[in-house]
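Lettering of chains follows the sequences in order, A, B, ..., and the numbering in each one begins at 1.
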Amino acid sequence: MDAFFASVELLRYPELRGQPVVIGGRNATPVLQADGSHQFARLRTYVGRGVITTATYEARAFGVGSAMGMMKAAKLAPDAILLPANFEDYRHYSRLFKQAVAVIAPQIEDRGIDEIFIDLTDVEGETDELAARIKQAVFDATGLTCSIGITPNKLLSKICSDLNKPNGITILGFDDIPERIWPLNVRKVNGIGPKATAKLASLGIETIGQLARADQGMLQDYFGAHYASWLTQAAHGIDQRVVANRAMSKSMSRETTFERDLHARQDRETLSGILVTLCDRLAEDLKRKGYVSRTISIKLRYDDFQIVSRNVTVPEPVADAAAILQAARECLKRVPLQRKLRLLGVRASTLEVPGAAAHKPLPVQGDLFA
DNA sequence: TCTGGGGTCCTAGGACCC
DNA sequence: TCTGGGGTCCTAGGACCC
């Protein structure tokens with residue numbers, strides 16, 4: 001989806017169309033005026049720790065974008081309109097667009113709130129006509145635009161879906177790789193993040209084409225055999241992964257960054273209240289999905305941004321807030337609490353659906369020596 | 001007064017079992 | 001002058017993604 005959160009907000013506030021708008025923070029709810037219009041906050045008035053989750057393309061023209069600190073963004077685009085995130089709305093539109101696509105092509109893999117992989121192998125129709133149909137269905141259901149890449153596999157489609165944003169269609173075959181993929185920066189590959197990009201740059205590798213030609217032995221020395229081999233395959237556009245409809249979540253979590261850093265002793269009451277709230281919310285989430293959990297974890301971020309986690313496996317799966325809280329407190333006892341804290345989180349993993357027969361995945365036929 | 005919140009997958013060591 | 005080979009589960013951290 002194109003600038004998803006911001007685009008959903010524009011459905012509600014169409015008067016903001018064409019303006020730089022950013023989504024983020026907690027307390028920038030527009031105020032309804034007596035004349036029926038809204039008073040919107042400007043980015044320059046923002047004080048606090050938030051980051052931008054989404055920016056309209058007009059805002060991006062100022063150099064602001066996702067994950068940028070809002071204080072920094074305010075310097076680049078002080079007059080941009082600031083709106084708080086409404087995740088309920090986004091989840092609603094997320095369901096709508098996914099359902100609309102599913103009518104045309106049922107084989108779908110979820111990639112988060114605003115993105116999916118679609119297997120079009122067995123769907124009738126010409127490629128370009130299919131892309132147009134999908135975009136139209138999404139628009140009819142939501143009033144929102146999306147961008148589509150159609151290629152032989154997930155890796156290439158992910159790259160291509162980004163090449164013609166917003167409202168774009170990119171169709172590409174293996175033969176097009178040298179011309180259209182190899183000039184791109186390695187960072188465009190899903191799975192090459194900031195760390196790997198920096199390491200590759202230090203080896204003189206900037207583009208996907210350079211990566212494709214890189215010496216395998218050198219890559220192995222720097223990245224290990226497994227990742228090195230994946231890098232080379234990726235650079236050649238090779239990706240055998242299937243579009244998999246995952247039925248169950250692996251984990252669910254709730255976390256929060258505090259308005260100011262808190263100390264385990266001085267701010268004991270405040271922290272305790274936050275922990276209780278997080279456990280309550282997590283329990284709600286689990287119950288809504290019908291999950292129970294056997295592993296409860298806590299996550300702390302210290303004021304120096306170091307992250308630590310502790311987890312405990314409980315003898316019987318839990319879903320209620322009190323049991324989660326108890327497990328979380330067990331974990332907290334095992335973590336150093338000298339430094340001030342910036343973030344606290346609680347996670348439930350090893351999820352099960354009570355009553356459902358324990359589902360063991362079938363062993364995959366090995367291809368190891370083929 | 002840089003740096004959110006929700007996830008997935010991988011690695012690696014240790015305990016423990018047969 | 002020893003201490004195999006296979007497996008599972010648990011824990012902690014890290015890279016990466018939306």
Side-chain angles (χ1 to χ4, degrees), chain A residues 1-5 22-26 44-54 64-76 84-85 87 90-91 94 109-117 146 154-155 158-159 161-162 186-199 223-227 230-231 234 241 244 246 248-261 278 281-282 285 289 294-315 327 330-331 334-336 342-351 360 363:
Chain A
M1 301 298 287
D2 298 325
F4 184 53
F5 295 179
V22 301
I23 314 299
R26 288 168 183 163
R44 75 150 68 79
T45 65
Y46 183 81
V47 180
R49 299 189 136 162
V51 298
I52 288 179
T53 60
T54 323
V64 310
S66 299
M68 178 181 285
M70 297 237 285
M71 302 299 285
K72 183 176 173 187
K75 287 179 180 144
L76 293 168
F87 284 94
Y90 310 149
R91 277 192 286 270
S94 178
E109 177 178 330
D110 243 293
R111 290 280 305 169
I113 197 161
D114 75 332
E115 195 174 285
I116 51 177
F117 283 120
C146 59
K154 297 205 287 191
L155 182 103
K158 173 60 182 160
I159 294 174
S161 69
D162 252 353
V186 292
R187 188 68 177 81
K188 296 282 184 189
V189 175
N190 201 240
I192 301 182
K195 303 278 182 181
T197 300
K199 220 158 152 182
F223 294 98
H226 187 76
Y227 194 65
W230 177 82
L231 282 172
R241 294 171 303 166
R246 283 182 300 267
M248 266 198 72
S249 304
K250 308 276 184 183
S251 71
M252 304 186 78
S253 68
R254 286 283 181 161
E255 65 183 52
T256 188
T257 296
F258 316 136
E259 312 260 336
R260 62 176 180 88
D261 295 340
L278 290 170
R281 287 190 184 153
L282 185 55
D285 296 341
K289 293 274 188 180
R294 288 194 48 235
T295 308
I296 303 298
S297 319
I298 58 148
K299 167 178 163 184
L300 302 181
R301 199 198 309 258
Y302 295 109
D303 56 2
D304 64 354
F305 263 76
Q306 194 207 338
I307 293 170
V308 297
S309 67
R310 294 291 183 270
N311 68 71
V312 61
T313 298
V314 292
E330 290 299 314
C331 293
R334 312 206 310 258
V335 87
R342 175 183 180 95
L343 169 148
L344 177 59
V346 185
R347 170 181 305 270
S349 52
T350 324
L351 302 180
K360 294 268 184 203

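As judged by a 4.0 angstrom heavy-atom cut-off over every strand, A:Arg294 is placed among residues touching the sugar-phosphate backbone only. Residue A:Met252 is in sugar-phosphate contact alone, with no base atom involved, counting any heavy-atom pair closer than 4.0 Å across all strands shown. Heavy atoms of A:Lys250 sit under 4.0 angstrom from primed sugar atoms or phosphate atoms, though from no base atom. Counting any heavy atom pair closer than 4.0 Å across all strands shown, A:Arg347 reaches a base atom. As judged by a 4.0 angstrom heavy-atom cut-off over every strand, A:Gly48 is placed among residues touching the sugar-phosphate backbone only.
At the phosphate of C:dC9, neither OP1 nor OP2 sits under 4.0 Å from any side-chain N or O atom of A:Thr313. Between A:Arg49 and B:dC2, a side-chain N or O to OP1/OP2 separation shorter than 4.0 Å is absent. Contact annotation: A:Thr256 side-chain N/O to B:dG5 OP1/OP2 distance is under 4.0 Å. Not one side-chain nitrogen or oxygen of A:Thr53 sits closer than 4.0 Å to the OP1 or OP2 atom of B:dG4. Not one side-chain nitrogen or oxygen of A:Arg342 sits closer than 4.0 Å to the OP1 or OP2 atom of B:dC2.
For the side chain to side chain contact (heavy atoms under 4.5 Å, CB included) test, residues two or more places apart in sequence or in another chain that qualify with A:Arg310 are A:Ile298, A:Val308, A:Cys331, A:Arg334, A:Val335, A:Pro336. Partners of A:Ser297 according to the side chain to side chain donor-acceptor pair (under 3.5 Å) rule, which considers only residues two or more places apart in sequence or in another chain, do not exist here. In terms of the salt bridge (Lys or Arg N to Asp or Glu O under 4.0 Å) criterion, A:Arg294 has no residue partners (sequence neighbours excluded). Remark: A:Arg301 pairs with no residue by the side chain to side chain donor-acceptor pair (under 3.5 Å) rule, at least two apart or across chains. For the side chain to side chain contact (heavy atoms under 4.5 Å, CB included) test, residues two or more places apart in sequence or in another chain that qualify with A:Lys154 are A:Glu109, A:Phe117, A:Asp239, A:Arg241, A:Val243. With sequence neighbours excluded, the residues satisfying side chain to side chain contact (heavy atoms under 4.5 Å, CB included) with A:Tyr90 are A:Phe4, A:Phe5, A:Val8, A:Glu9, A:Ile23, A:Ala85, A:Asn86, A:Phe87, A:Ile113. Taking the side chain to side chain donor-acceptor pair (under 3.5 Å) definition, one finds that A:Thr295 meets it with A:Thr350, sequence neighbours left out. Every salt bridge (Lys or Arg N to Asp or Glu O under 4.0 Å) that A:Arg91 has, sequence neighbours left out, goes to A:Glu88. For A:Arg254, the side chain to side chain contact (heavy atoms under 4.5 Å, CB included) partners two or more places apart in sequence, or in a different chain, are A:Leu278, A:Arg281, A:Leu282, A:Asp285.
Summarising the geometry, the separation between CZ on A:Arg281 and P on B:dG7 is reported as 13 Å, rounded to the nearest angstrom. Atoms CH2 (A:Trp230) and C1' (B:dT11) sit 16 Å apart, rounded to a whole Å. Atom CD1 of A:Ile52 and atom P of B:dT3 are 12 Å apart (whole Å). Following rounding to the nearest Å, A:Glu330 (CD) and C:dC10 (C1') show an atom-to-atom distance of 16 Å. As rounded to whole Å, 13 Å separates atom C1' of B:dG4 from atom CG of A:Leu278. Residue A:Asp110 contributes atom CG, which lies 12 Å from atom P of B:dG7 at whole-angstrom precision. Here B:dT3 presents its P atom at 15 Å from CD of A:Glu255, a figure rounded to the nearest Å. Rounded to a whole Å, the CG atom of A:Leu344 is 14 Å from the P atom of B:dG4.
When the P atom is used for both B:dG6 and B:dC2, the distance is 23 Å, rounded to whole Å.
Summary of the strand contacts: A:Ser66 and A:Glu259 both lie near DNA chain B, and taking for each the nucleotide with the nearest heavy atom, the more 5' one is attributed to A:Glu259.
Looking at A:Cys146 and A:Glu115, their side chains never come closer than 4.5 Å, going by heavy atoms from C-beta outward. Between A:Val189 and A:Ile159, some side-chain heavy-atom pair lies under the 4.5 Å cut-off.
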When every nucleotide of nucleotides 12-18 of chain C is labelled 5' to 3' by its protein contacts under 4.0 Å (heavy atoms), B for base, S for sugar-phosphate only, - for none, what sequence of letters results? SS-SSSS

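Picking from B:dT8, B:dG4, B:dT1 the nucleotide with the shortest atom distance to the side chain of A:Thr257 gives B:dG4.
Scanning residues 297-305 of chain A for heavy-atom distances under 4.0 Å to DNA chain B yields A:Arg301, A:Phe305.
One distance of note links CG of A:Leu300 with OG of A:Ser309; it measures 9.0 Å at 0.5 Å rounding. Here the CD1 atom belonging to A:Ile307 is positioned 10.5 Å from the CZ atom belonging to A:Arg342, to the nearest 0.5 angstrom.
Taking a pair as Watson-Crick or G-U with both hydrogen-bonding distances under 3.5 Å, the stems of three or more pairs touching DNA chain C are B:5-18 with C:5-18.
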